[in-house]
Amino acid sequence: MIILYRILFGIGIACLVAAIALVLRPRWVAAVPAYAGLCLMHWSYYIDVPTVTFAFWGIATLITVGLFYLSPSGEPDGHRSSNLYVGFTAMAGGMLGILLAPRIMVLGVILGAAMGQLAYSRTPAGRWMLSPSILFWRYFAAKCLPAIVAIAIVCIAIMGLVI
């Protein structure tokens, strides 16, 4: 039985790593392997996640799947480098949120993703997205929210291991 728990834990870690990779280089919805990794790690008894948390992030994952299929792929100029800005800053915001207070971890992820998108909008490739414009907020809803959900789920799993 212990071997089964370790296998579930290992597959859960692999799913979380895959989710981070999908945030940085999106091919599919990164929240799905992140949620699967959270479930596997919970079933392995290495972390304890409340049922309310599973329900909330499960619904958030379904919403990001819908956003993925309704949103256009890529950016207007064909670049995909904004994912690196959003992914790294969201992860940094989540880790900083865990260090400051675990209750504000999701806020750290949201602020990190917003700062990453703001930083990307200041690059030559992101000039089409001016920060106070409606394009900025549409892009945030279409591209940053799926990254926020995936990174927040990964940070919840990390908190479960640490705490």
Side-chain angles (χ1 to χ4, degrees), residues 12-41 47 49 53-54 56-77 79-123 125-163:
I13 292 290
C15 286
L16 294 175
V17 169
I20 292 172
L22 284 173
V23 165
L24 298 177
R25 291 287 180 202
R27 304 278 185 257
W28 196 58
V29 184
V32 173
Y35 188 73
L38 184 68
C39 291
L40 289 169
M41 290 179 70
I47 65 172
V49 180
T53 304
F54 275 122
F56 178 81
W57 291 107
I59 292 169
T61 300
L62 290 175
I63 290 171
T64 59
V65 169
L67 278 174
F68 177 77
Y69 286 114
L70 293 176
S71 298
S73 62
E75 296 172 14
D77 57 358
H79 289 98
R80 298 191 99 165
S81 58
S82 67
N83 299 317
L84 296 173
Y85 284 89
V86 171
F88 282 125
T89 55
M91 195 66 188
M95 292 297 118
L96 188 61
I98 290 172
L99 290 175
L100 293 176
R103 292 182 180 256
I104 63 167
M105 179 271 306
V106 176
L107 181 63
V109 173
I110 293 168
L111 289 175
M115 292 301 114
Q117 182 179 340
L118 185 64
Y120 176 70
S121 70
R122 302 294 184 228
T123 65
R127 288 268 180 219
W128 59 271
M129 175 181 25
L130 300 173
S131 63
S133 70
I134 192 70
L135 284 175
F136 184 85
W137 295 110
R138 282 186 190 168
Y139 192 81
F140 184 82
K143 300 296 180 182
C144 288
L145 286 181
I148 289 169
V149 170
I151 296 297
I153 292 172
V154 169
C155 287
I156 288 170
I158 290 170
M159 274 193 317
L161 288 174
V162 172
I163 295 177

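Sequential numbering from 1 along the given sequence is applied to the chain's residues.
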Side-chain donor-acceptor contact under 3.5 Å, Thr123 with Tyr85:
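No, no side-chain donor-acceptor contact under 3.5 Å.
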In the structure I gave you, are the side-chain heavy atoms of [X] and [Y] within less than 4.5 Å of one another anywhere?
X: Phe54; Y: Val49; value: yes
X: Val162; Y: Ile98; value: no
X: Thr64; Y: Leu145; value: no

Looking at every heavy atom in both [X] and [Y], which two are closest together, and how far apart are they?
X: Leu24; Y: Gly87; answer: CD2-CA, 3.9 Å
X: Gly94; Y: Val109; answer: CA-CG2, 3.5 Å
X: Ala34; Y: Ala150; answer: CB-O, 3.8 Å
X: Val86; Y: Gln117; answer: CG2-N, 4.0 Å
X: Pro146; Y: Ala141; answer: CD-O, 4.1 Å
X: Trp28; Y: Pro33; answer: CZ3-CD, 4.4 Å

Please round to the nearest 0.5 Å and tell me the distance separating atom [atom1] of [X] and atom [atom2] of [Y].
X: Lys143; Y: Leu67; atom1: NZ; atom2: CG; result: 10.0 Å
X: Cys155; Y: Leu16; atom1: SG; atom2: CG; result: 10.0 Å
X: Tyr35; Y: Leu40; atom1: OH; atom2: CG; result: 11.0 Å
X: Leu84; Y: Thr89; atom1: CG; atom2: OG1; result: 10.0 Å
X: Ile13; Y: Met41; atom1: CD1; atom2: CE; result: 4.0 Å
X: Ile153; Y: Ile148; atom1: CD1; atom2: CD1; result: 12.0 Å

Please step through side chain to side chain contact (heavy atoms under 4.5 Å, CB included) for the pair Met159 and Ile47, ending with a clear verdict.
CA-CA 9 Å; Met159 274 193 317; Ile47 65 172; over 6 Å; no
Stepwise side chain to side chain contact (heavy atoms under 4.5 Å, CB included) check, Val23 with Ile151
CA-CA 8 Å; Val23 165; Ile151 296 297; 4.1 Å; yes
Worked verdict on Leu22 versus Val29 for side chain to side chain contact (heavy atoms under 4.5 Å, CB included)
CA-CA 7 Å; Leu22 284 173; Val29 184; over 6 Å; no
List the steps and the verdict of side chain to side chain contact (heavy atoms under 4.5 Å, CB included) for Ser121 and Tyr139.
CA-CA 11 Å; Ser121 70; Tyr139 192 81; over 6 Å; no
